[in-house]
Amino acid sequence: AHPEWLMADTAGNTQEGSNFYLDPGVPRVQEYVLNVVTDIVSKYDIDGFNLDYIRYQGSNWGYNAISQQRFADEYGALPPTSSAGALWATWGQWRRNQVTDLVRKIYVHIQALKPHVVLTGDGVTWGSVGTYTSSDPYASVLQDWRGWMEEGLLDLNVPMAYFRQDTHATAWAEWSRFAKANRFGRHVAPGIAGYLNSISNGIVQMRNTRVTLGAALPRADGLLVY
């Protein structure tokens with residue numbers, strides 16, 4: 001109904017594999033998504049609402065014509081199409097802000113309607129944590145879920161730590177520790193890849209969520225198996 005809302009990459013493609021996405025940089029998209037959320041929350045007796053794919057597909061996405069024009073109106077130039085562009089960091093933060101603004105609106109409206117409804121979000125954990133601002137969640141798919149936790153926009157963070165224990169045990173442990181250490185008084189339940197791990201390795205990761213290093217790093221508040 002609204003092809004002008006679709007997210008596009010630097011080449012103008014709007015389809016990734018078999019999927020299409022709506023661009024959060026388009027104001028009408030934010031309005032539409034928010035209306036869907038509030039409709040469900042207000043009409044049904046639900047306990048929680050989960051946000052998945054609440055991000056960009058990659059740093060080369062977000063080039064919807066409306067989004068580009070909004071950026072140009074604000075910064076005086078169209079967004080760059082590569083990291084060599086002078087406004088690349090600014091363009092990255094602008095897109096990151098669009099996602100965060102949508103999460104913020106959803107949280108505020110749920111609180112106004114039914115504050116007992118728990119808002120959860122699926123956080124990307126690709127690659128290594130390293131310096132968080134250079135990690136894939138923050139720099140590539142422009143999803144600042146640590147910032148959401150710090151601002152209190154999620155009641156429960158579900159970092160999708162989908163790693164094979166036999167080949168990526170370090171990455172699993174890093175993201176698990178990072179998520180537990182950055183909950184800011186909210187809750188975290190690491191996601192475990194049941195589809196990638198043997199039962200025994202899955203149990204290793206489940207037990208890891210219960211590991212505590214005292215008050216400085218308490219155990220996770222739960223876990224989910226995908």
>> Between R183 and D221 (salt bridge meaning N to carboxylate O under 4.0 Å), is one present in this structure?
In response: yes

>> Quiz question: by atom type and distance under 3.5 Å, do the side chains of N19 and Q15 form a donor-acceptor pair?
In response: no

> Would a 4.5 Å heavy-atom cut-off, applied to side chains only, mark L6 and Y21 as touching?
Replying inline: no

>> Working to the nearest 0.5 angstrom, can you tell me the gap between T90 OG1 and E74 CD?
In response: 9.5 Å

>> Tell me every residue that passes salt bridge (charged side-chain N to carboxylate O under 4.0 Å, His left out) with D9, counting only those two or more places apart in sequence or in another chain.
In response: none

> Below 4.0 angstrom, N of the basic side chain to O of the carboxylate: do E150 and R146 qualify?
Replying inline: yes

>> Tell me if the OH atom of Y226 is crowded by more than 12 foreign heavy atoms within 6.0 Å.
In response: no

> Do the non-hydrogen side-chain atoms of P79 and W94 ever get within less than 4.5 Å of each other?
Replying inline: no

> What pair of heavy atoms forms the shortest contact from P24 to Y56, and how long is it?
Replying inline: CG-OH, 3.6 Å

> S42 and T38: which non-hydrogen atoms are nearest, and at how many Å?
Replying inline: OG-O, 2.7 Å

>> Does R95 form a side chain to side chain donor-acceptor pair (under 3.5 Å) with Q143? I'd like the steps, not just the answer.
In response: CA-CA 9 Å; R95 288 176 291 171; Q143 181 195 65; over 6 Å; no

>> Using the rule given for side chain to side chain contact (heavy atoms under 4.5 Å, CB included), can you reason through W5 versus D23, listing the C-alpha separation, both sets of side-chain angles and the distance that settles it, and then say yes or no?
In response: CA-CA 6 Å; W5 294 359; D23 193 319; over 6 Å; no

> Between W175 and W145, what is the ring plane arrangement, given parallel below 30°, perpendicular above 60°, and tilted in between?
Replying inline: tilted

> If you take all heavy atoms of M160 and T125, which pair is closest and at what distance?
Replying inline: O-OG1, 2.7 Å

> Can you check whether Y63 and W91 have ring centres sitting under 6.0 Å from each other?
Replying inline: yes

>> Is there a side-chain contact between V141 and D136 in this structure, where contact means two heavy atoms from C-beta onward sitting under 4.5 Å apart?
In response: no

> Can you check whether A193's main-chain N or O pairs, donor with acceptor, with N197's side chain at less than 3.5 Å?
Replying inline: yes

> If you draw a 6.0 Å radius around CG in D39, do more than 12 non-hydrogen atoms from other residues or ligands fall strictly inside?
Replying inline: yes

> I54 and V99: side chain to side chain contact (heavy atoms under 4.5 Å, CB included), yes or no, with the steps?
Replying inline: CA-CA 7 Å; I54 187 75; V99 181; 3.9 Å; yes

>> Working to the nearest 0.5 angstrom, can you tell me the gap between E151 CD and D144 CG?
In response: 9.5 Å

> How long is the gap from OG on S67 to CH2 on W61, to the nearest 0.5 Å?
Replying inline: 13.0 Å

> Relative to the ring of Y162, is the ring of Y195 parallel (under 30°), tilted (30 to 60°) or perpendicular (over 60°)?
Replying inline: perpendicular

>> Could you report the tightest heavy-atom contact between P190 and A220, atom names first, then the distance?
In response: CD-CB, 3.6 Å

> Shared ILVMFWY cluster between L142 and M149, side chains joined below 4.5 angstrom?
Replying inline: yes

> Any donor-acceptor pair under 3.5 Å linking the side chain of E16 with the backbone of A8?
Replying inline: no

> Can you find a side-chain donor-acceptor pair between W88 and S82 that sits under 3.5 Å?
Replying inline: no

> Say you draw a straight line from CG of L87 to CZ of F71; how long is it, rounded to the nearest 0.5 Å?
Replying inline: 5.0 Å

> Which value, rounded to the nearest 0.5 Å, describes the distance between L156 atom CG and H187 atom NE2?
Replying inline: 8.0 Å

For a quick test of your reading: what N or O donor-acceptor pairs under 3.5 Å do the side chains of residues 113-120 make, sequence neighbours left out?
{"unit_1": "K114", "atom_1": "NZ", "unit_2": "V41", "atom_2": "O", "d": "2.8"}
{"unit_1": "K114", "atom_1": "NZ", "unit_2": "Y44", "atom_2": "O", "d": "2.9"}
{"unit_1": "T120", "atom_1": "OG1", "unit_2": "N50", "atom_2": "OD1", "d": "2.6"}

>> Are L224 and I192 packed together at the side-chain level, in the sense that at least one heavy-atom pair is separated by less than 4.5 angstrom?
In response: no

>> The test is side chain to side chain donor-acceptor pair (under 3.5 Å); show your working for S140 and W126 and say whether it passes.
In response: CA-CA 10 Å; S140 179; W126 300 340; over 6 Å; no

> With the 4.5 Å side-chain cut-off for hydrophobic clustering, are V26 and L51 part of the same group?
Replying inline: yes

> Just wondering, do R55 and P137 contact through their side chains at under 4.5 Å, heavy atoms?
Replying inline: no

> Who passes salt bridge (charged side-chain N to carboxylate O under 4.0 Å, His left out) against R186, sequence neighbours left out?
Replying inline: D155

> When you look at Q68 and L78, which way does the side chain to side chain contact (heavy atoms under 4.5 Å, CB included) test go after all the steps?
Replying inline: CA-CA 6 Å; Q68 291 193 78; L78 288 172; 4.1 Å; yes

> Honestly curious: do I46 and V36 fall in one hydrophobic cluster under the side-chain, below-4.5 Å linking rule?
Replying inline: yes

> Just wondering, are more than 12 heavy atoms of other shown residues or ligands nearer than 6.0 Å to OH in Y32?
Replying inline: no

>> Testing the basics here: between M206 and V225, what is the closest heavy-atom pair and its distance to 0.1 Å?
In response: CE-CG2, 3.7 Å

>> Suppose we screen for salt bridge (charged side-chain N to carboxylate O under 4.0 Å, His left out). Which residues come up paired with E4, at least two apart in sequence or across chains?
In response: none

>> Using every non-hydrogen atom in the two residues, find where F178 and V129 come nearest and quote the distance to one decimal.
In response: CD1-CG1, 3.7 Å

> When you measure from the centre of the six-membered ring of Y138, is the NZ or CZ of R96 under 6.0 Å away and within 45° of the axis?
Replying inline: yes

> Considering the options S128, S134, S135, which one meets the side chain to side chain contact (heavy atoms under 4.5 Å, CB included) requirement together with T131?
Replying inline: S134

>> List the residues meeting salt bridge (charged side-chain N to carboxylate O under 4.0 Å, His left out) with D101, not counting sequence neighbours, and say none if there are none.
In response: R104

>> Count I, L, V, M, F, W, Y as connected when their side-chain heavy atoms are under 4.5 Å apart, and connections chain through other members. Are L22 and V103 then in the same cluster?
In response: yes

> Would L102 and V108 show up in the same hydrophobic cluster when neighbours are defined by side-chain heavy atoms closer than 4.5 Å?
Replying inline: no

> After noting the C-alpha distance and the side-chain angles of N64 and M7, does the key distance pass the side chain to side chain contact (heavy atoms under 4.5 Å, CB included) rule?
Replying inline: CA-CA 5 Å; N64 173 287; M7 194 179 294; 5.9 Å; no

What donor-acceptor contacts under 3.5 angstrom involve side-chain atoms of residues 164-172, with partners at least two apart or in another chain?
{"unit_1": "R164", "atom_1": "NH1", "unit_2": "L196", "atom_2": "O", "d": "3.1"}
{"unit_1": "Q165", "atom_1": "OE1", "unit_2": "Q205", "atom_2": "NE2", "d": "3.0"}
{"unit_1": "W172", "atom_1": "NE1", "unit_2": "N208", "atom_2": "OD1", "d": "3.3"}

> So how far is it from K180 NZ to R177 CZ, rounded to the nearest 0.5 Å?
Replying inline: 8.5 Å

